[in-house]
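Read through the structure below, which is laid out as structure tokens, and then see the notes.
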Amino acid sequence: MKKILYATQSIDSADLKAVKLALRSACLTQGPIVDEFEETVARFCGAGYAVAVNSGTSALHIACMAAGIGGGDEVITSPNTFVASSNSILYCGGKPVFADIMEDNAVIDPSDIERKITKRTRAVIPVDFAGHPADMKEIKELADKHGLIIIEDAAHALGAKYRGSRVGSGKYADMTILSFHAVKHITTGEGGMVLTNDKKLYQLLRKLRTHGITRDPKMLNRERGDWYYEMSALGYNYRLTDIQCALGISQLKKLPAFLKKRREIVRRYDEFFAKTGYAAPLAAREYVDHAYHLYVIRLKLEDLRVSRRVVFDEYRKAGIMVNVHYIPVYSQPYYRNLGFRKGICPGAEKYYDEALTLPLHPGLSKTDIDRVISVTGKIFDKYGK
Ligand SMILES: *Cc1c(COP(=O)(O)O)cnc(C)c1O
């Protein structure tokens, strides 16, 4: 039986050709294809500057560094995210503070952000969960009022729009991060990017990506000469290769088609779930253009005789590789050891018990979707009250 994955990359012959060309070019890394990838993503998103790095996690890390997080600064983020959003705060010596999610769309709730702001709050990392942009207008109002920096985690939301502006355009965020991991909208294998409109942040991010080193003559303080470089901050090797950027450029050309395919699949799922009482998809606000990274349903456990665990196992037995996004970050053992306890975000905890992610990626055929829908119907027939 063919397995249907919840997410996977879509690679075609144009991608292979682009990578092959890059492999035969003069620079495998730190060459012109990196600049070209940065320019094309920045143009697509409407951002002034882009810094490519080797993962979305690295992007979050240097964004937090550039924001000056440290020394116990509090940074507010969502518990309903991949651990990287919050880990990046810890890398810098900051303190993650979790704001609960909204009931209907599982996105971070601005009113809970507001409740959790203290004198020590320095930044907010809203997450565009599943491809649905966070309530950035409300978050920006709070940030302006309290002097907070906004780092938007848009790892799920490349191609989404919020109130008419493209995610990444910087209208509502100081920095926006993207991921090009294989399950995301476009891939470079591993990879990520920070987008910003602030030239100072851009220059700092570029340095932090490569050991804190610059060769830019305008930024050197001491000697001059072609051999000369200066290390003025403690950065990392977070560089993305030209090989990967060649794949990224080729993938980006297909993003509009990928998004269209995702929306078509979502329409079919939505039609089905409009008719069943046993689960419901997440809501979407009318002012967003959803990028549909994930298709999450919430099981109506009060109408089912079993828990999410049993439903999950039934799908997997049928070869449908459903998933769960996400375990509340603060319930991870590492976070528990830091003192985080159950009950911080009751909404995210309840959501976690009911959530299930169905397969959604451009490579799914009509027959695949039919199979997911028919298995779903059978599971509900078997366990529905
Ligand atoms: C994938 C992801 C990241 C991290 O990206 P990597 O490229 O895997 O390091 C961060 N935040 C969210 C919400 C993600 O889904």
Side-chain angles (χ1 to χ4, degrees), residues 5-9 37 41 50-65 75-92 96 98-99 101 105-108 123-134 136 139 150-160 167-168 173 175-195 205 208-209 236-241 244-245 247-248 251-252 262 282 290-296 323-330 332 335 345 348 351-352 355 357 360-361:
L5 303 178
Y6 92 91
T8 189
Q9 68 277 6
F37 184 43
V41 177
V51 180
V53 288
N54 59 1
S55 73
T57 306
S58 305
L60 281 160
H61 184 191
I62 61 170
C64 283
M65 288 177 79
V75 180
I76 300 174
T77 191
S78 175
N80 185 31
T81 184
F82 184 55
V83 293
S85 320
S86 167
N87 288 353
S88 62
I89 304 163
L90 295 175
Y91 297 155
C92 295
F98 295 94
I101 56 174
N105 64 3
V107 174
I108 192 166
V124 194
I125 307 182
V127 179
D128 300 331
F129 177 69
H132 187 300
M136 297 306 294
I139 294 170
I150 300 177
I151 301 168
E152 184 174 352
D153 182 339
H156 295 184
L158 177 59
V167 166
M175 289 174 270
T176 301
I177 78 93
L178 301 172
S179 165
F180 309 122
H181 180 272
V183 300
K184 306 291 164 67
H185 288 87
I186 67 166
T187 189
T188 59
E190 298 276 359
M193 198 172 274
V194 188
L195 302 169
L205 291 162
L208 293 171
R209 159 176 78 179
Y236 296 83
N237 177 355
Y238 281 169
R239 296 185 299 254
L240 193 62
T241 65
Q244 291 168 292
C245 289
L247 178 56
Q251 286 262 299
L252 189 65
R262 285 174 179 275
L282 297 177
H290 203 308
Y292 291 113
H293 167 54
L294 302 173
Y295 192 85
V296 175
N323 215 325
V324 174
H325 298 90
Y326 286 100
I327 306 162
V329 172
Y330 60 77
Q332 295 291 347
Y335 280 80
C345 297
Y351 160 85
Y352 169 62
T357 305
L360 177 57
H361 60 84

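Along the sequence shown, residues are numbered consecutively beginning with 1. For ligands, and for the atoms within them, numbers begin at 1 and follow the listed sequence.
Evaluation of the ring pair (Phe, Tyr, Trp, His ring centres under 6.0 Å) rule for F82 yields no partner, not counting sequence neighbours.
Between F180 and F37, the distance separating the two ring centers is shorter than 6.0 angstrom.
Note that CD of Q244 and CD of Q251 are 12.0 Å apart. Values are rounded to the nearest 0.5 Å. For the atom pair CD1 of I177 and CG of L60, the computed distance is 4.0 Å after rounding to the nearest 0.5 Å.
Between S86 and Y335, the side chains place a donor N or O and an acceptor N or O closer than 3.5 Å (distance only, hydrogens not considered).
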Ligand 1 polar-atom proximity to protein (N/O, under 3.5 Å):
{"residue": "ligand 1", "atom": "5 (O)", "partner": "S179", "partner atom": "OG", "Å": "3.3"}
{"residue": "ligand 1", "atom": "7 (O)", "partner": "G56", "partner atom": "N", "Å": "2.7"}
{"residue": "ligand 1", "atom": "7 (O)", "partner": "S179", "partner atom": "OG", "Å": "2.7"}
{"residue": "ligand 1", "atom": "9 (O)", "partner": "G56", "partner atom": "N", "Å": "3.3"}
{"residue": "ligand 1", "atom": "9 (O)", "partner": "T57", "partner atom": "N", "Å": "2.8"}
{"residue": "ligand 1", "atom": "9 (O)", "partner": "T57", "partner atom": "OG1", "Å": "2.5"}
{"residue": "ligand 1", "atom": "11 (N)", "partner": "D153", "partner atom": "OD1", "Å": "3.4"}
{"residue": "ligand 1", "atom": "11 (N)", "partner": "D153", "partner atom": "OD2", "Å": "2.7"}
{"residue": "ligand 1", "atom": "15 (O)", "partner": "H156", "partner atom": "NE2", "Å": "2.8"}
{"residue": "ligand 1", "atom": "15 (O)", "partner": "K184", "partner atom": "NZ", "Å": "3.0"}
{"residue": "ligand 1", "atom": "15 (O)", "partner": "Y326", "partner atom": "OH", "Å": "3.3"}

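Around the CD1 atom of I327, the shell of radius 6.0 Å holds no more than 12 heavy atoms that belong to other residues, nucleotides or ligands.
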